[in-house]
Amino acid sequence: RFSKPAPMFLDDSFRKCLFLSPFLPNFCSRSLYNLIKAILSVTKEYRLTPALDSLRCRRCIIVGNGGVLANKSLGSRIDNYDIVVRLNSAPVKGFEKDVGSKTTLRITYPEGAMQRPEQYERDSLFVLAGFKWQDFRWLKYIVYKERVSASEGFWKSVATRVPKEPPEIRILNPYFIQEAAFTLIGLPFNNGLMGRGNIPTLGSVAVTMALHGCDEVAVAGFGYDMNTPNAPLHYYETVRMAAIKESWTHNIQREKEFLQKLVKARVITDLSSGI
Ligand SMILES: *[C@@H]1O[C@H](CO)[C@@H](O)[C@H](O)[C@H]1NC(C)=O
């Protein structure tokens with residue numbers, strides 16, 4: 001149980017500093033506030049679908065991108081959940097047997113978004129996880145169908161088009177990023193400076209969201225096993241575990257401990273036993 005309930009998505013009742021996150025020191029700036037207002041004035045939807053909202057028991061699964069999903073035929077078990085969450089550009093087509101075919105939410109940041117419009121599945125909601133103010137500027141271009149003109153501020157090229165109509169687009173409540181980093185995983189605050197060793201992975205942020213918004217939470221495709229360097233890192237490509245780089249932004253070890261604790265306490269179920 002959380003003492004602070006938090007809605008999954010930002011709605012138009014968000015107040016200037018209510019969702020202040022140390023990662024977003026500019027969250028109080030007038031310009032970011034206006035960006036978010038402009039986005040929400042077009043998307044106008046801040047909830048899940050009515051059917052999902054009215055479920056008495058909401059069962060959610062976060063599908064990670066780990067190679068541990070390969071050849072486990074977990075697809076039908078994954079599709080059994082009410083809400084299937086996928087991250088960044090994780091593909092579904094061609095991998096249905098192992099990862100399922102249903103996508104309820106696709107949570108991404110701009111650098112992780114699928115770049116080819118035909119890669120997007122129908123019927124899913126596109127959810128922005130905004131880690132920095134440029135991410136919100138990017139989403140404004142996307143919902144207004146404007147040319148994405150400013151590439152500065154991104155660490156790799158970003159999608160210029162997302163084939164989703166504004167009512168299918170949401171902004172993940174930034175509170176989950178803050179709570180995952182500092183309350184649950186215990187990453188260093190660094191005076192609120194986002195960067196070295198204190199950015200939670202999108203997987204942990206999605207789990208945090210699900211712990212708030214779902215009655216039952218499962219994960220699949222989580223965990224790196226460094227003892228098997230030849231195992232695939234992701235389920236959709238041949239890059240091997242050994243290729244993983246020491247990350248200067250994430251703390252994989254701390255996140256592993258956090259997730260192991262949740263599994264051990266049976267707060268979450270790990271379908272692919274990678275954690
Ligand atoms: C999965 O099965 C395919 C086809 O049999 C094989 O090529 C691949 O190496 C397997 N991957 C893993 C991780 O076991």
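Just follow the structure's listing: the first ligand is 1, and inside any ligand the first atom is 1.
Close contacts between ligand 1 and Asn71 involve ligand atoms 1 (C), 2 (O), 3 (C), 8 (C), 10 (C), 11 (N), 12 (C), 14 (O) [criterion: under 4.0 Å to a heavy atom]. The atoms of ligand 1 that sit less than 4.0 Å from any heavy atom of Pro232 are 13 (C).
Ser157 and Gln115 form a side-chain donor-acceptor contact under 3.5 Å, judged by distance and modelled atom types alone.
A salt bridge between Lys132 and Glu111 is present, with a side-chain N of the basic residue lying under 4.0 Å from a carboxylate O of the acidic one.
Results of the side chain to side chain contact (heavy atoms under 4.5 Å, CB included) test with Leu74 over Val99, Val68, Leu271 single out Leu271 as the only residue that passes.
Note on residues 218-275: no pairs pass disulfide bond (SG atoms under 2.5 Å apart), not counting sequence neighbours.
Note on Tyr81: it clusters hydrophobically with Tyr235, by side-chain heavy-atom contacts below 4.5 Å among ILVMFWY residues.
In this structure, atom 7 (O) of ligand 1 has its sub-4.0 angstrom surroundings free of protein heavy atoms. Protein heavy atoms are found less than 4.0 angstrom from atom 3 (C) of ligand 1. For atom 14 (O) of ligand 1, the nearest protein heavy atom is under 4.0 Å away.
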